[in-house]
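For reference, positions follow the sequence shown, starting with 1.
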Amino acid sequence: RAKSAGGNRFEVADPEADARAITRHGLTTALPAALERGEFFIEYQPLVHLGDGSVRGAEALVRWLHPQHGVLSPDRFIPLAEHTGLIVPLGRWVLEQSVRQARAWQERNGGTEATGPLRINVNLSPCQLTHPGLVQDTVEILERTGVEPSALCLEVTESALIGADDDLLKPLRRLAEMGVDIALDDFGTGYSNLANLRRLPVSVLKLDRSFTQSMQQFPADPVDLKIVEGIVSLAHSLDLAVTVEGVETGAQAEQLRILGCDTAQGWYYARPGPPERLHELTLADATS
Ligand code: C2E
Ligand code: MG
Ligand code: MG
Ligand code: MG
């Protein structure tokens, strides 16, 4: 407890900071048992083709149903899992569950000829990239489930790949050679050298939500418009597809479609939700 009178001013207690530290510590130590007990679950958010509005797949987003704290978002516990290494088994679990789910969707409605089989996007932490089992685990999961490598997209943040050496890129190259898509997540926030893109085995750029947000005002900031236009044309000239995150309004979707973005994701289409929701959305697609 901080001394109230005549005490050292630098010792004044910050009860909130203490509480946060305690929770962090508590959550960190609870992670392994939570994985064993099945407290994690996955929500899926549709990826929509901007040209025709059809659902092409979904991104898997993990949540923790904590017995005391309720549903925790990944921002609360992924950094802790990365710190302790639990992200490796947790990430493998997410990958397996999500690919299984993709298989189930594919079996139930097959996708149309125009859209191809529904695809699944799964986030990878930098720690998973340096873990030697990544390629083998992924191959096994795809084989066990019978999902085509081309229906899987692994998302890696731009910041994780900045300055990446060849050792870090090797597993991604192997996966890309097998036909798995690699997406550069949160693109545009990491100050990466655009020329560097050629060196990375990526096939998709996921434009960060901050760009989408700047399309909210009308007219949108002309400089932001130019930047997005430039990124899209560079991406397309390198044969990369562009996905936009955080689309919350129809105006944003329309602006981004005009700018040439390929796929979109955001609350305007659907919030992340249980797997049945995606199934319903794709069925609605097929009958409309
Ligand atoms: P991300 O991969 O960039 O995922 C997009 C985030 O934006 C998700 O937050 C999603 O719920 C949110 N979002 C989607 N549409 C909108 C929108 O229209 N407006 C706004 N404001 N937000 C939107 P979420 O689910 O909290 O996930 C946060 C981050 O946690 C993810 O960012 C990803 O980096 C990480 N994450 C989630 N699941 C996993 C996982 O299984 N493994 C790893 N390593 N990281 C994960
Ligand atoms: Mg992502
Ligand atoms: Mg993202
Ligand atoms: Mg993001």
request  = Spell out, as yes or no, whether a donor-acceptor pair under 3.5 Å connects the side chain of Gln252 to the backbone of Thr212.
outcome  = yes
request  = Identify, with sequence neighbours excluded, every residue that meets side chain to side chain donor-acceptor pair (under 3.5 Å) alongside Asp224.
outcome  = Ser214
ask   = Taking a hydrophobic cluster as the set of Ile, Leu, Val, Met, Phe, Trp and Tyr residues connected by side-chain heavy atoms closer than 4.5 Å, whether directly or through intermediates, do Val147 and Leu47 fall within one such cluster?
value = no
message = Please check this pair: side chain of Glu248 against backbone of Gly266, looking for a donor-acceptor N/O pair closer than 3.5 Å.
response = no
task = Could you pull out all residues at least two apart from Gln101 that satisfy side chain to side chain donor-acceptor pair (under 3.5 Å)?
result = none
message = Is the shortest side-chain heavy-atom distance between Phe211 and Thr189 below 4.5 Å?
response = no
query = Side chains of Leu256 and Met215: does their closest heavy-atom pair fall under 4.5 Å?
reply = yes
Close side-chain approach of Leu200 to Ile182, heavy-atom, < 4.5 Å = no
task = State whether Arg144 and Glu96 are salt-bridged, where the test is any N-O pair (Lys NZ or Arg NE/NH1/NH2 against Asp/Glu carboxylate O) under 4.0 Å.
result = yes
task = Please identify each residue that fulfils side chain to side chain donor-acceptor pair (under 3.5 Å) with Gln97, with sequence neighbours left out.
result = none
message = I'd like to know if the side chain of Asp208 pairs up with that of Ser210 as donor and acceptor (distance under 3.5 Å, no hydrogens or angles considered).
response = yes
Side chain to side chain donor-acceptor pair (under 3.5 Å) involving Arg174 - partner list, sequence neighbours excluded = none
What pairs of donor and acceptor atoms, side-chain ones from residues 159-171 against any protein atom, are under 3.5 angstrom apart with sequence neighbours left out?
residue, atom, partner, partner atom, Å
Ser159, OG, Thr157, OG1, 3.3
Asp165, OD1, Asp167, N, 3.3
Asp165, OD1, Leu168, N, 3.1

Under 3.5 Å, which donor-acceptor pairs link side chains of residues 134-141 to any protein atom two or more places apart or in another chain?
residue, atom, partner, partner atom, Å
Gln136, NE2, Glu140, OE2, 2.9
Asp137, OD2, Arg92, NE, 2.8
Thr138, OG1, Leu134, O, 2.7

query = Just wondering, do Gln106 and Arg103 contact through their side chains at under 4.5 Å, heavy atoms?
reply = yes
ask   = Going by atom types alone, do Asn121 and Gln45 pair a side-chain donor with an acceptor below 3.5 Å?
value = no
